[in-house]
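The structure under discussion appears below in the form of structure tokens.
We count ligands from 1, going down the list as the structure has it; atoms in each ligand are counted the same way.
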Amino acid sequence: MKIVDAKVIVCSPGRNFVTLKLTTEDGVHGLGDATLNGRELAVRSYLEDHVVPLLIGRDARRIEDTWQYLYKGAYWRRGPVTMTAIGAVDLALWDILGKRLGVPVYDLLGGPSREYVTAYGHANGADLEGTVAAVAHYRRLGYKAIRAQSGVPGLKKVYGVAHGSKPYEPAEPGERPTEEAWSTEAYLSFVPTLFARLRQEFGPELSLLHDVHHRLTPIEAARLGKDLEPHRLFWLEDAVPAELQEGFRIIREHTTTPLAVGEVFNTIWDCERLIQNQWIDYIRMTASHSGGLTHLRKIASLAEIHHVRTGCHGATDMSPVCLAACLHFDLAVHNFGIQEHMPHSEETDRVFPHAYTFADGGLHPGNAPGLGVDIDEALAATHPYRPAYLPVNRKLDGTMHSW
Ligand code: KDG
Ligand code: MG
């Protein structure tokens with residue numbers, strides 16, 4: 001079953017996405033998400049210039065072999081661009097296999113371990129009361145787990161919080177990143193107050209999560225974890241930049257607040273010490289940026305034997321193709337923890353018709369063969385790429401941020 005065509009589709013229905021479409025000689029096509037927020041065109045070039053020529057004529061059934069060939073054959077291993085490109089190929093091959101066999105991908109991964117995938121929603125407000133209102137809104141939408149982010153007194157803008165009436169979106173259109181001001185002191189004194197208020201308002205049952213976006217040092221994160229202990233978070237995410245895995249040992253020694261990290265990781269080598277030392281509770285790697293389902297399954301297996309659960313990154317920059325792949329994985333792996341869920345815009349959903357559904361705080365990948373997502377190429381072509389970036393931050397004295 002030879003691959004006869006490989007096409008990279010770049011489009012921007014509400015935000016930028018890069019999609020790989022592989023077609024086999026018997027006319028089956030599979031999709032992979034190759035979106036790397038703010039570096040979309042680098043992955044497109046990696047695929048078009050270096051990977052597509054290797055795929056034409058390959059047997060689409062050889063998923064593991066193709067993964068090893070692309071990873072080891074490149075000489076330059078790892079890194080987000082490389083691993084996202086490999087991930088896109090891998091997802092497209094799983095999609096093709098499912099379609100050829102007439103089964104959803106979760107059946108190929110061992111079948112369902114659960115009936116649905118528990119998802120957390122994103123509540124954010126300009127200030128404390130705005131965040132309380134946003135959490136109430138997400139509860140009404142049915143979410144049983146909610147991530148709470150808030151504007152911080154004294155800071156004009158805070159990443160992860162929507163501006164004006166628009167929903168929060170992790171990239172702003174423009175030729176260069178916007179710059180925001182940051183104060184660790186203001187943040188650290190505000191966040192425990194926020195969660196005290198949320199617990200007072202919503203009681204002990206609701207699962208509450210918080211994302212630090214890598215902004216603290218280990219000892220600052222340890223202090224935050226301790227201050228949040230009375231409010232029983234489901235997890236504290238990305239407390240420190242995680243190039244230095246050892247940083248998590250310091251946090252772990254000081255607090256019982258559960259820790260999650262990994263959305264910027266790409267291979268098992270980025271999290272191997274964190275998992276084996278049990279310094280974290282949740283690994284946040286996702287299907288596209290971690291070399292696809294083939295590699296993500298190995299990470300989940302390592303995590304399983306060390307009491308670490310999964311929590312796939314699912315912000316809107318993971319396309320519907322990646323979200324679907326995560327949902328098949330989430331439904332199947334035993335040590336699933338939770339799935340992040342930021343619904344895509346209607347424009348995005350129209351370009352990527354999909355089988356997955358959301359109801360009562362849970363997602364389900366649907367039972368369509370393969371991943372259960374398609375792309376409307378003609379509609380995609382009406383939404384051309386436009387540069388968009390995550391913001392950068394400077395401290396109040398003008399120094400570039402230190403995370
Ligand atoms: O591209 C980066 C975003 O997806 C990320 O900053 C969002 O932290 C994020 C999250 O947890 O969804
Ligand atoms: Mg995050």
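In this structure, Met342 falls outside the shell of residues with a heavy atom less than 4.0 angstrom from ligand 1. Using a 4.0 Å cutoff on heavy atoms, Tyr389 does not count as a contact of ligand 1.
Atom 1 (O) of ligand 1 has Asp317 OD2, 2.6 Å as its closest protein atom, hydrogens excluded (heavy atom only). Protein heavy atom nearest atom 8 (O) of ligand 1, with residue, atom name and distance: Glu263 OE2, 2.8 Å. Nearest protein heavy-atom neighbour of atom 12 (O) of ligand 1: Glu340 OE2, 2.4 Å.
Residue-ligand proximity, Pro170 to ligand 1, at heavy-atom distances under 4.0 Å covers atoms 3 (C). Residue Tyr159 approaches ligand 1 through these ligand atoms, each under 4.0 Å from one of its heavy atoms: 3 (C), 5 (C), 6 (O), 7 (C). Short contacts between ligand 1 and Tyr168, defined as distances under 4.0 Å to a heavy atom of the residue, involve ligand atoms 7 (C). Applying the 4.0 Å criterion to heavy atoms of His313 picks out, from ligand 1, the atoms 3 (C), 4 (O), 5 (C), 7 (C), 9 (C), 10 (C), 12 (O). Each of the following atoms of ligand 1 lies closer than 4.0 Å to a heavy atom of Asn37: 1 (O), 2 (C). For ligand 1, the atoms lying closer than 4.0 Å to a non-hydrogen atom of Arg284 are 10 (C), 11 (O). Shown in contact with Asp211 at under 4.0 Å from a heavy atom are these atoms of ligand 1, numbered in order with element: 8 (O), 9 (C), 10 (C), 11 (O). Near His213, meaning under 4.0 Å from any of its heavy atoms, are these atoms of ligand 1: 8 (O), 9 (C).
In this model, no donor atom of one side chain and acceptor atom of the other lie less than 3.5 Å apart for His289 and Asn266. When only modelled atom types and interatomic distance are considered, His341 and Tyr143 share a side-chain donor-acceptor pair under 3.5 Å.
A salt bridge links Arg249 to Glu246: one of the charged nitrogens lies within less than 4.0 Å of a carboxylate oxygen. A salt bridge links Arg394 with Glu179: the distance from a Lys NZ or Arg NE/NH1/NH2 to an Asp or Glu carboxylate oxygen falls below 4.0 Å.
Ring pair Trp235/Tyr120 is perpendicular by interplanar angle, where above 60° counts as perpendicular and below 30° as parallel. Between His213 and Tyr159, the angle of the ring planes goes over 60°, which puts this pair in the perpendicular group of the 30/60° scheme.
Nearest heavy-atom pair, Leu41 versus Val10, reported as atom, atom and distance to 0.1 Å: CD2-CG1, 4.3 Å. Nearest heavy atoms, Val158 versus Gly151: CG2-CA, 4.2 Å.
Take the N/O/S atoms of Glu263: the one nearest the Mg ion (ligand 2) is OE1. Here the N, O or S atom of Asp211 that is nearest to the Mg ion (ligand 2) is OD2. Residue Glu237 approaches the Mg ion (ligand 2) most closely through its N/O/S atom OE2.
For the Mg ion (ligand 2), the N/O/S atoms of Glu340 include none lying under 2.8 Å.
When ring centroids are compared, Trp76 and Tyr46 stay outside the 6.0 Å threshold. Centroid-to-centroid, the aromatic rings of His354 and Tyr356 come within less than 6.0 Å.
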Review point. Should Lys21 and Asp5 be marked as a salt bridge (charged side-chain N to carboxylate O under 4.0 Å, His left out) after you check the CA-CA gap, both sets of side-chain angles, and the distance that decides it?
Key: CA-CA 8 Å; Lys21 179 174 179 180; Asp5 191 41; over 6 Å; no
